[in-house]
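A short worksheet on the structure shown next.
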Amino acid sequence: MNTLKPLLARNRSWALLKLNSDPHYFEQHLHQQQPHSLWIGCSDSRVPAEVLTGSHPGELFVHRNIANMVDPADDNFMSVLQYALHYLKVHRIVLCGHYGCGGVQAALQLPQMALAEESSALSRRIGLLRDVLGQKIDGAAPKTPDPETLNQLVEANVITQFSRLVKTQPVLEVWRSQRELNIYGCVYELATGHLKTLIEKTAEETV
């Protein structure tokens with residue numbers, strides 16, 4: 001029977017390990033959070049933000065969705081961005097894609113006609129991703145993309161989503177106030193566990 005017991009057991013072991021190393025480990029975040037960064041990543045289970053950055057509770061404010069998309073029309077995304085910048089006052093945003101992204105591969109492989117005929121949330125999301133990537137998708141549309149083509153599209157997606165992120169109202173408001181905010185577009189390599197920076201924009205560049 002598939003139950004929650006294994007996860008609960010691992011949770012108890014993790015909590016005990018943390019308390020044994022630091023009796024006050026959990027107390028320090030009881031009353032407030034002060035994360036230094038907002039992480040915008042893919043929902044892929046192989047790309048857990050806290051794990052791959054070695055972060056502790058309270059360090060990262062995290063938003064994840066399929067293919068790490070930046071959608072100004074998405075209240076879920078925009079509310080996270082606004083809360084992170086205006087209330088938590090994070091000074092860094094990391095937008096992170098990953099090689100082997102299923103969302104990018106689906107956007108490349110699924111025909112536009114089929115997407116238009118579907119009415120599910122998933123098909124609308126993939127359709128939006130196709131629209132955002134535009135000519136990059138149209139120029140590389142094999143039915144079974146080779147790994148290099150897919151990796152190039154993953155990087156193109158990060159750069160495209162980055163360009164949308166730096167134009168959002170909450171980000172522009174912070175930069176106009178001359179508060180420190182640095183934004184990084186990164187890609188994660190599943191095979192090595194390494195992050196690579198593709199693009200960045202620092203507070204100094206906006207002055």
Side-chain angles (χ1 to χ4, degrees), residues 38-47 49 62-82 84-85 92-175 181-191 194-202 205-206:
L38 167 63
W39 177 279
I40 301 169
C42 182
S43 297
D44 193 301
S45 61
R46 300 167 295 176
V47 195
V62 177
H63 175 83
R64 295 170 67 182
N65 62 55
I66 291 177
N68 42 275
M69 292 181 64
V70 172
D71 182 5
D74 180 357
D75 281 350
N76 185 4
F77 170 80
M78 291 301 293
S79 62
V80 169
L81 180 63
Q82 183 178 9
L85 293 179
R92 181 189 301 117
I93 300 177
V94 179
L95 172 71
C96 184
H98 67 97
Y99 295 128
C101 180
V104 173
Q105 184 167 349
L108 175 62
Q109 290 183 296
L110 293 180
Q112 188 74 17
M113 184 68 71
L115 288 168
E117 294 173 353
E118 293 287 340
S119 60
S120 70
L122 179 58
S123 65
R124 290 194 298 272
R125 195 72 176 178
I126 298 302
L128 177 60
L129 180 57
R130 282 183 65 98
D131 292 341
V132 168
L133 289 177
Q135 293 181 348
K136 299 179 181 67
I137 285 285
D138 296 335
K143 291 184 178 180
T144 305
D146 61 273
E148 184 61 28
T149 297
L150 183 57
N151 287 348
Q152 290 173 357
L153 283 172
V154 164
E155 293 185 358
N157 183 46
V158 169
I159 293 171
T160 300
Q161 303 300 336
F162 181 96
S163 69
R164 290 161 65 87
L165 176 61
V166 298
K167 296 174 184 175
T168 57
Q169 191 63 30
V171 168
L172 293 176
E173 288 174 357
V174 171
W175 277 336
L181 177 63
N182 301 324
I183 304 181
Y184 303 89
C186 299
V187 65
Y188 176 70
E189 187 170 13
L190 297 172
H194 293 166
L195 282 172
K196 179 173 68 174
T197 302
L198 298 178
I199 187 171
E200 62 185 80
K201 188 168 185 178
T202 63
E205 294 177 272
T206 66

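Distance CZ/Arg46 to NE2/His98: 6.0 Å, rounded to 0.5 Å. Within the model, atoms CD1 of Ile159 and CG of Leu133 stand 11.0 Å from one another, a figure rounded to the nearest 0.5 Å. Rounding to the nearest 0.5 Å places CH2 of Trp39 at 13.0 Å from CD1 of Ile93. With values rounded to the nearest 0.5 angstrom, Asp75 atom CG is found 10.0 Å from Gln82 atom CD. To the nearest 0.5 Å, atoms CG (Asp71) and CZ (Phe77) are separated by 8.5 Å. Atoms CD and CD1, on Gln105 and Ile126 in that order, are 10.5 Å from each other to the nearest 0.5 Å.
Between the side chain of Asn157 and the backbone N or O of Ala67, at least one donor-acceptor pair lies under 3.5 Å. Listed for the Glu189 side chain is no donor-acceptor partner under 3.5 Å among the backbone atoms of His194. The main-chain N or O of Ala107 is found under 3.5 Å from a side-chain atom of Arg130 such that the two form a donor-acceptor pair.
Between Arg164 and Pro72, the closest heavy-atom pair is NH2-CD, 3.5 Å. In terms of heavy atoms, Trp175 sits closest to Leu181 at NE1-O, 2.8 Å. Of all heavy-atom pairs between Leu150 and Cys101, the closest is CD1-O, 4.3 Å. Closest of all the heavy-atom pairs between Ala49 and Val62 is CB-CG2, 4.3 Å. Residues Val171 and Ile183 come closest through the heavy atom pair CG1-CD1, 3.8 Å. A pairwise comparison of heavy atoms in Val154 and Gly100 identifies CG2-N, 4.4 Å as the closest pair.
Inter-residue side-chain proximity for Leu129 and Gln161 is flagged as met; some heavy-atom pair is nearer than 4.5 Å. At a threshold of 4.5 Å between non-hydrogen side-chain atoms, the residues Leu108 and Val104 do not count as touching. At a threshold of 4.5 Å between non-hydrogen side-chain atoms, the residues Leu122 and Ile66 count as touching. Side chains of Met69 and Asp74 form no contact here, defined as non-hydrogen atoms less than 4.5 Å apart. Contact check for Leu38 versus Leu85: no side-chain heavy atoms found under the 4.5 Å cut-off. Using a 4.5 Å heavy-atom cutoff, the side chains of Leu165 and Leu81 are in contact. The shortest distance between side-chain heavy atoms of Glu155 and Lys196 falls below 4.5 Å.
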- Test Val70 against Thr160 for side chain to side chain contact (heavy atoms under 4.5 Å, CB included), laying out the working first. CA-CA 9 Å; Val70 172; Thr160 300; over 6 Å; no
